[in-house]
Amino acid sequence: MAEFIRAEGLYGRNFVTRIATVRALEDFVDQRVELRGWLYKFRGKGKIAFLHLRDGTGVVQCVAKRDEVGAEALRRVKEAGQESALILRGTVRADERAPGGYEVVADDLELVAPATEEYPIALQDHGIDFLLSKRHLWLRSRKQHAVLRIRSEVCQGIRDFFYARDFVLTDAPIFTPSACEGTTNLFEVNYFDDKAYLTQSGQLYMEATAMAHGKVYCFGPTFRAERSKTRRHLTEFWMCEPEMAYATLDDAMDLAEELLEYLVGRALERCGRELAVLERDLEPLERVRRPFPRITYDEAAALLAEKGHEFRYGDDFGAPDETAISEHFDRPVLIHRYPAAVKAFYMKRDPAAPDKALCVDVIAPEGVGEVIGGGERATDLAYLEEQIAAHRLPKEAFEWYLDLRRFGSVPHAGFGLGLERTVAWIAGREHVREAIPFPRTLYRKEP
RNA sequence: UCCUCGGUAGCUCAGCGGUAGAGUAGGUGGCUGUUAACCACUUGGUCGCAGGUUCGAAUCCUGCCCGAGGAGCCA
């Protein structure tokens, strides 16, 4: 992992040393190493100084004694300020007094580039408006750093999960000719002399690729011009949408369960440090084991009635309803067979109860809300034509989709997983905006 | 689109009709195996914007702008 370099310090001292990372520091105990990073915090200015160095993999306390590194080097680093770029060389020690158990006793400091202005994000509380306006710097903070590491792990987990199960990655287009689901919440863009829209879901395209490959998924950005501003909403977010030919609602529910169990288990296994930085309570995550409870819409509605929760049967569940239902269970809950009237036009009807759709929503615990929505798709051409007319959708735009029913229509099912909601849930963050590097919300598109 | 809350120092906030405040960050000096370090001194303001009421407005009224989180909608 470490490469050997010849380093030349401020005072022309030459050492053969090794480049270490904070994350792997325990492998270098009692060895002399070089760390390359940024000054996270500087304390002291007498005979001894403590400087916390951030190198992208973590933060470590370094001890710099004036007599060792020189008064001049110490003064320059202190004046360079928080977030100045710094190369530090010294010996790794295990020490109980150091946060994290390891520290580096510096013997050589090299200032790469000073912070030319006072760093705006202090180690104190800030308002969310301020932090979001400084998102490009906020990303360096420990908790934000941890959240994005978890996001990276979840993304890799998604790819590994589907790869291991022989799903083919067939990404959907981002420019689309019209609404996938017929709502008006689309971002319109100029497409030469025509109009196009940013994709709202890759699902219809996945139905096409599933007929070509059997088991497929897409994983990419999605755009919704909804005028909603809650902790669960972004206008640009990432969605993973698997689709399987010759599959039913039950198959989709099995896959959804397996995926969530896998992703949470993987985060627990591989993101222990990040979850600790975030002070995430691990107990609710450890309970995320199959089987998850599965209830019908009718059962969920009855549960709400039992709890004295105000709810009108036949309506879709709102966020407070979902929270009330999920509080009844200790792990994600699958709610299936909603009234067809509140769901998208392409949902297959339940043959046993034609007013219901063969669909499923997965509600995560701890108030995060819906992380997965999906179901079995309608296969009958005449029924779909009827639905497109009933929803007042332009039929021409869906001719290609209807072709999928004209040429070997088979039962198929799939779902969409919201990445940021999943990451926010696992990381224990209140708001999905922390689960994406540069969040886009109703009133904010900078930086 | 609707409802609620907010906008005062770089940042977090108090002040709510009578001289613009604290903590923190920054600066200077001191001390220190510190760890939210500490001690002393210190710089720092069109009180979101525009009108109005008043002898007097950060404070009360009206309008506007900006933000937050909740509803609806959704992942």
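Just so we're on the same page: letters track the sequence lines, and every chain starts at 1.
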[X] and side-chain hydrogen bond (donor to acceptor under 3.5 Å, both in side chains): which single residue from [options] fits?
X: A/His52; options: A/Gln61, A/Gln82, A/Glu103; result: A/Gln61
X: A/Glu243; options: A/Gln203, A/His213, A/Arg377; result: A/Arg377
X: A/Tyr338; options: A/Thr296, A/Asp350, A/Asp315, A/Asp361; result: A/Asp361

Could you state the [atom1]-[atom2] distance from [X] to [N], rounded to the nearest angstrom?
X: A/Arg232; N: B/A71; atom1: CZ; atom2: P; result: 5 Å
X: A/Arg231; N: B/A71; atom1: CZ; atom2: P; result: 8 Å
X: A/Ile121; N: B/G26; atom1: CD1; atom2: C1'; result: 17 Å
X: A/Arg142; N: B/U35; atom1: CZ; atom2: P; result: 16 Å
X: A/Glu79; N: B/A25; atom1: CD; atom2: P; result: 18 Å
X: A/Glu118; N: B/U43; atom1: CD; atom2: P; result: 17 Å
X: A/Phe130; N: B/A25; atom1: CZ; atom2: C1'; result: 11 Å
X: A/His233; N: B/U1; atom1: NE2; atom2: P; result: 17 Å

Can you confirm whether [X] sits close enough to [Y] that some side-chain heavy atom of one is under 4.5 Å from a side-chain heavy atom of the other?
X: A/Lys356; Y: A/Arg349; result: no
X: A/Ile436; Y: A/Val432; result: no
X: A/Thr91; Y: A/Phe28; result: no

Atom [atom1], compared across [N] and [M]: separation rounded to whole Å:
N: B/U32; M: B/G45; atom1: P; answer: 36 Å
N: B/A58; M: B/U19; atom1: C1'; answer: 14 Å
N: B/G51; M: B/A36; atom1: C1'; answer: 45 Å
N: B/U59; M: B/A50; atom1: P; answer: 12 Å
N: B/A9; M: B/C2; atom1: C1'; answer: 36 Å
N: B/G52; M: B/C41; atom1: C1'; answer: 45 Å
N: B/G33; M: B/U28; atom1: C1'; answer: 25 Å

**Prompt:** Is the ring of A/Phe50 stacked on the base of B/G33, with centres less than 5.5 Å apart and planes under 30° off?
**Reply:** no
Any residue of [range] with a heavy atom less than 4.0 Å from an atom of RNA chain B:
range: residues 149-160 of chain A; value: none
range: residues 301-331 of chain A; value: A/Asp316, A/Gly318, A/Ala319, A/Pro320
range: residues 284-293 of chain A; value: none
range: residues 427-447 of chain A; value: A/His431, A/Arg433, A/Tyr443, A/Arg444

Distances for protein N/O vs nucleotides 44-47 of chain B N/O pairs under 3.5 angstrom?
none

How is [X] classified with respect to the nucleic acid when contacts are heavy atoms under 4.0 Å: base, sugar-phosphate, or nothing?
X: A/Gln82; result: nothing
X: A/Ile372; result: sugar-phosphate
X: A/Pro99; result: base
X: A/Glu226; result: base
X: A/Glu420; result: nothing
X: A/Arg227; result: base
X: A/Gly127; result: sugar-phosphate

**Complete:** On RNA chain B, more 5' by nearest nucleotide between A/Tyr119 and A/Val371 is A/Tyr119
**Request:** In plain terms, say whether A/Glu370 and A/Arg421 are close enough for a salt bridge, that is, a side-chain N and a carboxylate O under 4.0 Å apart.
**Result:** no
**Asked** Would you call A/Asp107 and A/Lys65 a salt bridge, using N to O less than 4.0 angstrom?
**Response** no
**Request:** Look at the side chain of A/His309 and the backbone N and O of A/Ala305, then say whether any donor-acceptor pair between them is shorter than 3.5 Å.
**Result:** no
Nearest of [options] to any side-chain atom of [X]?
X: A/Lys229; options: B/G70, B/G72, B/A37; value: B/G70
X: A/His126; options: B/U35, B/C11, B/G67; value: B/C11
X: A/Leu132; options: B/A68, B/A75, B/G33; value: B/A68
X: A/Thr230; options: B/G67, B/G69, B/U12; value: B/G69

**Message:** Would A/Arg294 and A/Phe292 count as a cation-pi pair here, with the cationic atom under 6.0 angstrom from the ring centre and within 45° of the axis?
**Reply:** no
**Message:** Is the distance from the ring center of A/Tyr297 to that of A/Tyr313 below 6.0 Å?
**Reply:** yes
**Request:** Assess the side chains of A/Glu207 and A/His412: does a donor N or O sit below 3.5 Å from an acceptor N or O?
**Result:** yes
**Prompt:** Does any pair with a residue in residues 424-447 of chain A pass ring pair (Phe, Tyr, Trp, His ring centres under 6.0 Å), and if so which ones, sequence neighbours excluded?
**Reply:** none
